[in-house]
There are 2 protein chains.
Amino acid sequence: MTTEVKKNKKELTRQKNYQIILDAAEELFARTGYDGASMSLIANKAGVPKANVHYYFQHKDNLYKMVLDRIIEKWNFGLENIKAEDDPATILHHYIRDKVALAITQPMQSRLYATEIIRGAPSLHDYLCDETRQWVKGKVDVFQAWIDQGKIRKIDPMHLLFSIWSTTQYYADFQTQILLIMDQQEYAEKDVASITQTVSQLILGSLGLTVPTND
Amino acid sequence: MTTEVKKNKKELTRQKNYQIILDAAEELFARTGYDGASMSLIANKAGVPKANVHYYFQHKDNLYKMVLDRIIEKWNFGLENIKAEDDPATILHHYIRDKVALAITQPMQSRLYATEIIRGAPSLHDYLCDETRQWVKGKVDVFQAWIDQGKIRKIDPMHLLFSIWSTTQYYADFQTQILLIMDQQEYAEKDVASITQTVSQLILGSLGLTVPTND
DNA sequence: GTCTATAATCAGATAGAC
DNA sequence: GTCTATCTGATTATAGAC
């Protein structure tokens, strides 16, 4: 085996271990909070010695930040190129549908994000001030243009956006409560459909729009 | 001083200390999570020796449960006696208004509840299965009656309720994010008004109702 | 009832053999 | 790069003087 091949193999195990630890950390941070997720619990779940977690990520805080970074990248999507000329009903319905799907399939990531905000966003402060604030500003402008054109009913555009976030993320963050109330073990296929339908109906309905029948 | 008076005085200090510790614990549990809030931090914040916290509440878990109990009692309000004959617009608008007010004035309690649910509701499991499920069932029946009478547009009643909870609580739980995006230190009077207005418009508007102008 | 001092345990982090 | 053994400090909880 040449040194080159050896090097590649090592790099591969490195990346694999890196991901395994990140996955374990994501779930534990989401499930038990920053302080509740100990490095040894994370190491156990990942199936590596605790010292290796420190070898890869040095400090706990660094590991936490890496987990958050990965989530931010994944969640930072939707409404990318919306314009005043677009059709609000289509745009918003698709955004809601995708948000609900993400909440159902990746609840842990939503929950970790939620606990970070609830803690006062110590690790996301700058990101929220820069990227998120700018992003929101852009979307709010388009919403306002829709209102001015009479495409949608008059409403506070920023709070409209917050309402979309809250109603969709709720099904990830409060899943435990929802399922206990519904007396179910997990979301069924029809639940996803009725959640999407209800939330979409709620947002679009209040704007004087009707939910598109075809996706 | 008679023994009776002495006894009353002792009982009074006991209740006072009890409340002081509960208040400190509530804030710390909400801010840093169950594991992040250490007994010594709570004792410091309350201004009592750590041993006294144990004297009053024995175990950390017990203190946490007491804090939760107090929150549940306070939040378990609204829609108490609604009936199929009531006017949906008035009922729902008042419910939303009160929920928003509570979210703005008591954000810590909402956040603590949220983290408890996100953790999988270890301490609230039974409460959610019994009280909450029954409560929801009752409200859903009334909502359904409103739909059947043609008072409100057809919508999934349970998800309608979830949407009210999510949109209102969001302003407590995600306050940090919202204020950073809005570039403000705290909610202003006019914010509370526009949040109430927007959320009410959202819920009522999607039901084919209009927001009542007079409270 | 109150509080100091301390026990027992577990956390994050590292040294050093392999 | 990997992992055992260990250090240091913090945590929950309690014993016992006042």
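Lettering of chains follows the sequences in order, A, B, ..., and the numbering in each one begins at 1.
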Compare side-chain N and O positions of [X] against OP1 and OP2 of [N] and report whether any pair is under 4.0 Å apart.
X	N	value
A:His54	C:dG12	no
A:His59	C:dA13	yes
A:Asn52	D:dT4	no
A:Tyr55	D:dT2	no
B:Tyr56	C:dT2	yes
A:Asn17	D:dT2	yes

What is the distance, to the nearest angstrom, from the [atom1] atom on [X] to the [atom2] atom on [N]?
X	N	atom1	atom2	result
B:Leu28	D:dT11	CG	C1'	15 Å
A:Ile42	C:dC10	CD1	P	17 Å
B:Asn44	D:dA10	CG	C1'	13 Å

Proximity to the side chain of [X] - top-ranked nucleotide from [options]:
X	options	result
B:Arg14	C:dT2, C:dG1, D:dA13	C:dG1
B:Met39	D:dA13, C:dT2, C:dG12	D:dA13
A:Lys60	C:dA13, D:dC3, D:dT2	C:dA13
A:Ala51	C:dG12, D:dC3, D:dA13	D:dC3

* Beyond-backbone contact of A:Tyr113 with A:Leu124, side-chain heavy atoms, under 4.5 angstrom ->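 Contact flag for A:Tyr113/A:Leu124 side chains = yes.
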* **Upstream residue (5' side of DNA chain C) when B:Lys50 and B:Thr13 are each assigned their closest nucleotide** =>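 Its nucleotide being nearer the 5' end, the pick is B:Thr13.
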* To do: May I ask you to decide whether B:Asp69 forms a salt bridge with B:Lys65, counting only side-chain N to carboxylate O separations under 4.0 Å?
  =>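 A salt bridge is absent here (no side-chain N lies under 4.0 Å from a carboxylate O).
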* State, without any angle test, whether A:Arg133 and B:Gln177 hold a side-chain donor-acceptor pair at a distance under 3.5 Å. =>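 Result is no, nothing qualifies.
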* Donor + acceptor pair across side chains of A:Gln169, B:Tyr170 (<3.5 Å) ->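 Per modelled atom types, A:Gln169 and B:Tyr170 side chains form no pair under 3.5 Å.
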